[in-house]
Amino acid sequence: MIIEERENQIVLKEVDDFNPVHIFDCGQCFRWTKENDGSYTGVVKGKILNVSKNGQEIVLDNTNLKDFEDIWYEYFDLARDYSSIKKELAAHDKNLSDAVDFGWGIRILQQDGWEMLISFIISSNNRIPMIQRAINNISERYGQEIGEYKGKTYYSFPTPEQLSKASIEDLRECKTGFRDKYIFNTTKDILENELDIQDFLDMDSATCHKELMKFQGVGAKVSDCIALFGMRKYDSFPVDVWVKRVMQEFYDAEDMSLPKMRKYGMDLFGEKAGFAQQYLFYYVREMEIGK
DNA sequence: TGTCAGGTCCTCA
DNA sequence: TGAGGACCTGAC
């Protein structure tokens, strides 16, 4: 990978496994919006970034070399060799190989654990546009104004302290629905017990999964998503309706319960279960396989 | 008008 | 343990 600094931009050349569409549309994040020109704009760590693919180049707009080194290199997981991961997964079986070919540019973003916790609580029994809207409402009301980009104002995701200013009714007004009390209680839980989200990153996967489920509104699936996308637990295997479908279509899994399906997937793909899940999930959802 | 969506919680056996 | 129902919301 070659890194080139231009005016207010960083350009990445010769990146093998990086496609903004795959990365931002594979269901791992909710705060990147697609612009009319096909690029994506989002907010991370108080910075607004726009990402586009121009031929073989990846263009990161509205940034500089320092922020690239401090934030974006880690956020986009650029130290990881996705080619070798894909090679290993593709060798596992034909279906996974097809899924990897289809979503070749997926990378698992290293997102903020606290933001993932609240975001995936909102995701339960919900649709993606509604999830995005609720998170945006929360950010606009309780986060901090970051600035403008191409005429639009952007806000940071609120800290636990900032979000604690919201009542259950306030959260309902943000269109979180019946999850309002889950968010309220989880936020209160963190502040009152002085829980540090960073501690979850140091836990082993099983402990992390179990501890996350102690928060109200966090069941097995949501816990796995938070662990995978916010806590670097790459052996997590979130099982939702889509993954259940793919396991039955591709892997002869019988109609088993979700906890059993979770174990089935973790046993099947081992320490790379999270990566396998992402390629499979993106593949079946885009192709609407098994629906 | 009824169903359904990237689940979780609660209740009851 | 496991099954069954309720649950905000809004798009079809």
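Lettering follows sequence order; numbering is per chain, from 1. Keep in mind that this is a model prediction, so the values were computed, not measured.
Sorted by first and then second residue, the side-chain hydrogen bond (donor to acceptor under 3.5 Å, both in side chains) pairs involving residues 97-108 of chain A (not counting sequence neighbours) are A/Lys94-A/Asp98. Residue pairs meeting the side-chain hydrogen bond (donor to acceptor under 3.5 Å, both in side chains) criterion with at least one member in residues 111-125 of chain A: none, sequence neighbours excluded.
Straight-line distance from the CH2 atom of A/Trp242 to the P atom of B/dC4: 14 Å, rounded to whole Å.
Side-chain contact annotation: A/Glu145 with A/Thr153, donor-acceptor N/O pair under 3.5 Å absent. There is no side-chain donor-acceptor pair under 3.5 Å between A/Arg31 and A/Gln132. Side-chain contact check for A/Arg80 and A/Tyr234: at least one donor-acceptor pair (N or O, by modelled atom type) lies under 3.5 Å. A donor and an acceptor atom, one from each side chain of A/Asp17 and A/Ser83, are located under 3.5 Å apart. A/Asp204 and A/Thr207 form a side-chain donor-acceptor contact under 3.5 Å, judged by distance and modelled atom types alone. For the 3.5 Å distance criterion, the side chains of A/Asn95 and A/Tyr283 fail to qualify, holding no donor opposite an acceptor.
A gap of 23 Å separates the C1' atoms of B/dC9 and C/dG10, to the nearest Å. B/dG6 and C/dG4 have their P atoms separated by 22 Å, given to the nearest Å.
Across residues 270-287 of chain A, not one residue has a non-hydrogen atom less than 4.0 Å from an atom of DNA chain C. Residues of residues 164-184 of chain A having a heavy atom closer than 4.0 Å to DNA chain B, listed by number: A/Phe178, A/Tyr182. A heavy atom closer than 4.0 Å to some atom of DNA chain B occurs in A/Gln216, A/Gly217, A/Val218, A/Gly219, A/Ala220, A/Lys221, A/Val222, A/Cys225, these being the qualifying members of residues 216-230 of chain A. For residues 115-128 of chain A, proximity to DNA chain B is found at A/Phe120, A/Ser123, A/Ser124, A/Asn125, A/Asn126, A/Arg127, A/Ile128, defined as any non-hydrogen atom under 4.0 angstrom from a strand atom.
Phosphate proximity of C/dG10 to A/Arg133: present, with a side-chain N or O under 4.0 Å from OP1 or OP2.
Between the A/Lys53 side chain and the A/Gly38 main chain, no donor and acceptor come within less than 3.5 Å of each other.
A search for side-chain hydrogen bond (donor to acceptor under 3.5 Å, both in side chains) contacts involving A/Arg141 returns A/Glu173, not counting sequence neighbours. In this view, A/Asn126 satisfies the side-chain hydrogen bond (donor to acceptor under 3.5 Å, both in side chains) rule with no residue, not counting sequence neighbours. Listed by chain and residue number, A/Glu4, A/Gln9, A/Val11, A/Lys13, A/Glu57 satisfy the side chain to side chain contact (heavy atoms under 4.5 Å, CB included) test with A/Arg6 (two or more places apart in sequence, or in another chain).
Other cluster members for A/Tyr154: A/Val43, A/Ile48, A/Ile146, A/Tyr149, joined by side-chain heavy-atom distances under 4.5 Å among Ile, Leu, Val, Met, Phe, Trp and Tyr.
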Query raised in the report: Pairing of DNA chain B as dot-bracket, 5' to 3': ( ) intra-strand, [ ] crossing, | other strand, . unpaired, with Watson-Crick or G-U pairs under 3.5 Å?
Result: .||||.|||||||
Please tabulate, for the side chains in residues 265-273 of chain A, all donor-acceptor contacts under 3.5 angstrom to protein atoms that are two or more places apart in sequence or on a different chain.
unit_1, atom_1, unit_2, atom_2, d
A/Asp267, OD2, A/Lys263, NZ, 2.7
A/Lys272, NZ, A/Glu88, OE1, 3.3

